[in-house]
Amino acid sequence: MSYYKIENLEQYFKHYKKSVREPRKFWGKIAEENFVWYQAWDKVFEFDMEEARFEWFTNAKLNIVKNCIDRHLAKRGEKTAIIFEPNNPEEKEQRISYNDLYARVSKMANVLKDQGIKKGDRVCIYLPMIPELAISMLACARIGAIHSVIFAGFSSSAISKRITNSECKFVITSDGSFRGNKKIPLKPIIDEALLECESVEKVLVVNRAGIDIKMMEGRDLWLEPLLEQASPNHVAQVMDSEDPLFILYTSGSTGVPKGMVHTTAGYMVQTAYSFKNVFDYKENDIFWCTADCGWITGHSYIVYGPLLNGATTVLFEGVPSYPNPSRFWDIIDKYKVTQFYTAPTAIRALMTEDYSYVNSHDLSSLRVIGSVGEPINEEAWHWYNDHVGKKKCPIVDTWWQTETGSILISPLPFITPTKPTYATLPLPGIQAVLMDDKRNEIEENQIDGSLCIKFPWPSMARTIWGDHKRYKETYFSQFPGKYFTGDGALRDEVGYYRITGRADDVVIVSGHNLGTAPIEDAINEHPAVAESAVVGYKHDIKGNALYGYITLKMEGEYRDRENLKKEINQYISSHIGPIAKLDKIQFVEALPKTRSGKIMRRILRSIANGETKDFGDISTLINPEEIEKIITKTI
Ligand code: WTA
């Protein structure tokens, strides 16, 4: 029997048991039957949890792009691989067939090679959601270069940190991008970022927005003329299973972002497998994930997961509110989308609009609808179910992380009965556990614990680029022998998981992971600021918003507090990006600190959420009198 597709609940339990008892057989069979390999593996996996070393499909040889494109050509050459829906609904869409995709990726691969990129080199991709973004990712993977996609909303200083960290040799960018009714220059941001990066030799530029930009002689090249001349054929590079496929940065609880490294074979096997099952993918489906390829969701479920299954995937350049709040529903209707995968923050924003926007559209093509990135609250779940799914499409509330590579906990549509706010059951292969503060496994129901995974899975990140020690310490030291997710969760009486939120200093704002430490670092750069503490508080649309408590150095000089707030937010914008701006700023005399000098963020978080009593144990505070002051006044 095949393990690739789970057909019913009984089979789910059977596959799950098999995956735990005989993980080698389970994953070995899936890998063998559903992909093309140049050479088979010696061992399905090998690992050392203590040292955080993991290998999957040891010594096998493959190319993931051959699996995404080449092997489909005989049967699906004329089938649409990517539908590109531009920001402006008046601009014609592009339907890129598997044959076209092969040619476009091959051309890009040849350009990269001709310009000097070799296997193992790092290429930074800083592009809007246009076909060239997916094509660049695939071209890198085709020649064995490691892509590092940076979300096109990040600022120049955030970019230069990432480029420097992974020593990227090339950058692929565009003159600019369209977002709603705005035209945003991108190349100038790269120019500024590169003032501080020594590793970058060339910048390849896509002409998207028709913006007048400066090209630096000897470094910058327009892509189109190079692509025109390049050959549309390319033989994919032979890669080892454990060769890095990409680096993707995610926020951590210190200032330096973590460059999560994903490798080739394990990532391929599990993104394909999870895509097939979580979205109940069938041959003629039209799949649409609204994420940006700058995040892991876009990597795994716009590009790799769908293409590995020979699917048609929609790539949307724009925003849900442009030209009006029915854009998502227009697109679903226009392409007869069958699976729609979005974030709770988008749902909450669309919920506040007139219901006629959604209800006037024909959404009857939809079969499965999904949610990702943060807990979906009950109200949003019901609205999504009633108005988008019309009570007939199962909602797959998918829990996973940049680090996990693919979805780990999720209902299977038409198989797992859903329950609002619950991500429900782990997929086969995923041994989830909840741990208490004493590092014991929690057996009981309805008790909040730390969510850990006690056995490796194929698509897990293998390391943090250049810092294996940090990888080991962040994920494998808190609960020895287990991977710690950083999330809290509880389990109900049937074993369903509900994710309760982050257990560390990461706040999820509108579905974006933001570390509070780098934001504080940016604030502290302002000459007036002495110290700052940033926490998350509940927000109706964004899920969480950011609240900054700030103490000042030179009080007299900054009497105009409103102006100072603006300046501080500009600092954040230029150091990280506008997504990390504070919604509320309160200037205070002092921050509550423990005897060892740590800011007690727990209390600040409660106050930001309007809770002004019962702070629990505050005996370790050196200045408890400050709490009352923070509640009652700002300076
Ligand atoms: C949160 C996004 C609740 C969680 C794929 C996780 C979720 C972090 C869910 C990872 C969900 C993701 N329910 N919380 N269905 N999905 N999260 O790395 O806190 O951008 O640790 O990956 O998002 O965010 P990341």
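Ligands are counted one by one from 1 in listed order, and the atoms in each one are counted from 1 as well.
No hydrogens or angles considered: a donor-acceptor pair under 3.5 Å links the side chains of Tyr301 and Ser274. No side-chain donor from either of His575 and Ser157 sits under 3.5 Å from a side-chain acceptor of the other. Side-chain atoms of Tyr547 and Asn609 include no donor-acceptor pair closer than 3.5 Å. A donor-acceptor contact closer than 3.5 angstrom is absent between the side chains of Tyr549 and Lys584.
Relative ring orientation between Phe246 and Tyr304 is described as parallel, the plane-to-plane angle staying below 30° on a 0-90° scale split at 30° and 60°.
For ligand 1, the atoms closer than 4.0 angstrom to any heavy atom of Val372 are 5 (C). The contact set between ligand 1 and Trp400, taken as ligand atoms under 4.0 Å from a residue heavy atom, comprises 2 (C), 5 (C), 6 (C), 10 (C), 12 (C), 16 (N), 22 (O). Here is the list of ligand 1 atoms found below 4.0 Å of a heavy atom in Asp397: 11 (C), 13 (N), 15 (N). The Thr398 neighbourhood of ligand 1 comprises atoms 9 (C), 11 (C), 15 (N), 16 (N), with distances under 4.0 Å to a heavy atom of that residue. Every atom of ligand 1 with a heavy atom of Thr297 under 4.0 Å away is listed here by number and element: 5 (C).
For atom 21 (O) of ligand 1, the nearest non-hydrogen atom from the set Ile499, Val396, Asp487, Val506 comes from Asp487.
Protein heavy atom closest to atom 8 (C) of ligand 1, with residue, atom name and distance, is Ile508 CD1, 3.8 Å. In terms of protein heavy atoms, atom 23 (O) of ligand 1 is closest to Gly373 O, 3.1 Å. Looking at atom 24 (O) of ligand 1, its nearest protein heavy atom turns out to be Asn513 ND2, 3.2 Å. From the protein, the heavy atom lying nearest to atom 3 (C) of ligand 1 is Pro375 N, 3.1 Å. Nearest to atom 18 (O) of ligand 1 among the protein's heavy atoms is Thr402 OG1, 2.6 Å.
Cation-pi geometry between Lys419 and Tyr422 is met: the NZ or CZ atom falls under 6.0 Å from the ring centre, inside 45° of the normal.
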Which donor-acceptor pairs under 3.5 Å do side chains of residues 443-451 form with protein atoms, sequence neighbours excluded?
| unit_1 | atom_1 | unit_2 | atom_2 | d |
| --- | --- | --- | --- | --- |
| Asp448 | OD1 | Ala489 | N | 3.3 |
| Asp448 | OD1 | Thr500 | OG1 | 3.2 |
| Asp448 | OD2 | Thr500 | OG1 | 3.3 |

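For a threshold of 3.5 Å applied to N or O pairs, the pair formed by Ser371 and ligand 1 contains no separation below that value. Ligand 1 has no N or O atom lying under 3.5 Å from any N or O atom of Ile376, backbone or side chain.
Partner of Phe316 under the side-chain contact (heavy atoms from CB on, under 4.5 Å) criterion, out of Ile331, Ile302, Thr290: Ile331 alone.
Using a 4.0 Å cut-off between heavy atoms, Glu374 contacts ligand 1 through its backbone alone, with no side-chain atom that close. At a 4.0 Å heavy-atom cut-off, ligand 1 does not touch His512 at all.
Side-chain atoms of Tyr126 come within 3.5 Å of backbone N or O of Phe154 as a donor-acceptor pair. Distance alone, capped at 3.5 Å, places no donor-acceptor pair between the Glu378 side chain and the Pro420 backbone.
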